[in-house]
Protein chains: 2
Amino acid sequence: MDLQPIPDMNETDSVPPIFEPLCAVFRRRLKADGQKYTPERARVLDAVIRMDGPFEAEQLVEDLRASGYRVSKATIYRTIKLMQDAGIVQRVLGGDDVPRYQMIYGAKPDDTIVRVDTDEVISIDIPELIELRDKICAKYGLSPSSHRFQIFATGNDA
Amino acid sequence: MDLQPIPDMNETDSVPPIFEPLCAVFRRRLKADGQKYTPERARVLDAVIRMDGPFEAEQLVEDLRASGYRVSKATIYRTIKLMQDAGIVQRVLGGDDVPRYQMIYGAKPDDTIVRVDTDEVISIDIPELIELRDKICAKYGLSPSSHRFQIFATGNDA
DNA sequence: CTTGGTGCAAACATTTTGCAGCACA
DNA sequence: TGTGCTGCAAAATGTTTGCACCAAG
């Protein structure tokens with residue numbers, strides 16, 4: 001089958017160390033469900049990490065094919081779903097309302113004001129929100145990995 | 001053409017008064033763009049208001065057809081887009097990752113913890129968040145109409 | 001008559017599924 | 001041999017567009 005080397009989190013330097021545990025998380029989850037950590041899945045995970053932000057499934061296909069791998073859309077979508085189950089990837093809506101995917105771990109929290117009258121999106125930085133978030137999660141015995149806070153607002157004159 | 005009576009925000013009692021200004025907002029926006037407030041569009045707006053929560057385009061079609069109106073999907077989608085432009089409707093992702101639409105004005109704030117390991121969605125009630133939200137908006141000179149706060153978390157053992 | 005709106009059907013984009021063959025225990 | 005995984009192609013879903021005709025100024 002003439003495969004290229006399998007990317008491995010411990011052997012690549014193109015991926016920040018913060019993502020290192022991801023491979024393990026994914027592996028563990030697959031094993032727990034009687035599924036396999038295949039070369040194809042390792043490559044998709046690697047591509048997802050390199051995306052570094054919201055991406056479309058098609059981009060993963062292009063990325064991997066450009067790297068010389070033969071991959072089908074079906075495998076991409078199936079692997080994305082597995083990653084969602086493993087809590088590694090989430091689906092999000094871009095500002096253009098197009099559904100995309102993005103990594104959860106290490107993802108920058110998305111705190112924005114969406115001006116519904118002008119469609120302007122304002123990024124905000126709210127340290128108190130992190131505190132609040134962590135407090136809430138602690139109450140439920142959960143560990144937050146990321147969050148999203150969107151305020152929908154208009155100008156006072158509208 | 002045998003039309004049934006046109007729903008009008010001032011003549012129906014099935015729609016809470018809080019939504020009354022919406023009709024005006026939509027009308028104003030259409031007029032400003034040289035477009036028309038047609039019976040079809042009034043009916044779609046009415047249906048959207050009655051949805052009272054996230055909905056799919058198809059539901060609007062069914063709802064209106066069940067009420068005896070002849071309506072095409074094209075008109076539904078075109079009207080939804082107009083409403084998005086008018087800042088009345090937004091696209092959102094449900095807990096099941098399915099894209100839906102929902103009203104913006106008067107929408108119930110959506111504060112949830114999404115357990116990425118189990119897909120469980122926990123509704124939370126955080127009064128401090130409203131305060132925080134209003135404080136932030138005040139700083140920018142904006143009026144909040146709704147918000148959405150999603151925390152992505154896993155169990156501590158995951 | 002000109003501009004915008006409608007329904008219908010076809011086109012499109014994205015995601016899912018059925019299936020035959022492969023990999024590996 | 002059995003279970004899971006893959007690519008491919010077809011199907012299913014959700015949305016947009018082209019077009020002929022209608023409606024209102």
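Just so you know, these numbers use all the heavy atoms, side chains as well, and skip hydrogens, waters and symmetry mates. In what follows, chains are A, B, ... by sequence order, proteins preceding strands, each numbered from 1.
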Note to self: Taking any heavy-atom pair under 4.0 Å as a contact, classify E56(A): base, sugar-phosphate, or nothing.
What the structure shows: sugar-phosphate
Check: Starting at CG of D97(B) and ending at P of dT13(D), how long is that distance when rounded to a whole Å?
Finding: 17 Å
Margin query: Per the salt bridge (charged side-chain N to carboxylate O under 4.0 Å, His left out) rule, what does the pair list look like for residues 57-66 of chain A, sequence neighbours excluded?
Written below: R50(A)-D63(A), E58(A)-K73(A)
Next item on the list: Could you tell me which residues satisfy salt bridge (charged side-chain N to carboxylate O under 4.0 Å, His left out) with D96(A), sequence neighbours excluded, listed by chain and number?
Entry: R100(A)
Next item on the list: Mind calculating the distance between CG (L93(B)) and P (dT14(C)) to the nearest angstrom?
Entry: 15 Å
Check: Atom CZ of R100(A) and atom P of dT14(C): how far apart are they, to the nearest Å?
Finding: 10 Å
Check: Does Y77(B) have a side-chain nitrogen or oxygen under 4.0 Å from the phosphate oxygens OP1 or OP2 of dT16(D)?
Finding: no
Notebook entry, point to check: Rounded to the nearest Å, what distance is computed from the CE atom of residue M83(B) to the P atom of nucleotide dT15(D)?
Noted result: 15 Å
Next item on the list: If a protein heavy atom is under 4.0 Å from the base, mark B; if only from the sugar-phosphate, S; if neither, -; do that for nucleotides 4-10 of chain D going 5' to 3'.
Entry: SSBBB--
Check: Roughly how many Å is it from CG in L60(A) to C1' in dT15(C), rounded to a whole number?
Finding: 14 Å
Next item on the list: Select base, sugar-phosphate, or nothing to describe what R91(A) touches, counting heavy atoms under 4.0 Å on all strands.
Entry: sugar-phosphate
Margin query: Between P on dT15(C) and CD on Q59(A), what's the gap in Å once rounded to a whole number?
Written below: 11 Å
Next item on the list: Starting from the C-alpha separation in whole Å, work towards a yes-or-no answer on side-chain contact (heavy atoms from CB on, under 4.5 Å) for L64(A) and I76(A).
Entry: CA-CA 10 Å; L64(A) 289 172; I76(A) 294 293; 4.0 Å; yes
Next item on the list: State, to 0.1 Å, how close L45(A) and C23(A) come at their nearest heavy-atom pair, and which atoms those are.
Entry: CD2-CA, 3.8 Å
Check: Would you say the side chain of R29(B) lies within less than 4.5 Å of the side chain of D33(B), judging by non-hydrogen atoms?
Finding: yes
Check: Does V48(A) reach the side chain of T79(A), with side-chain heavy atoms less than 4.5 Å apart?
Finding: no
Check: Taking OH from Y101(A) and P from dA13(C), how many angstroms apart are they, rounded to a whole number?
Finding: 16 Å
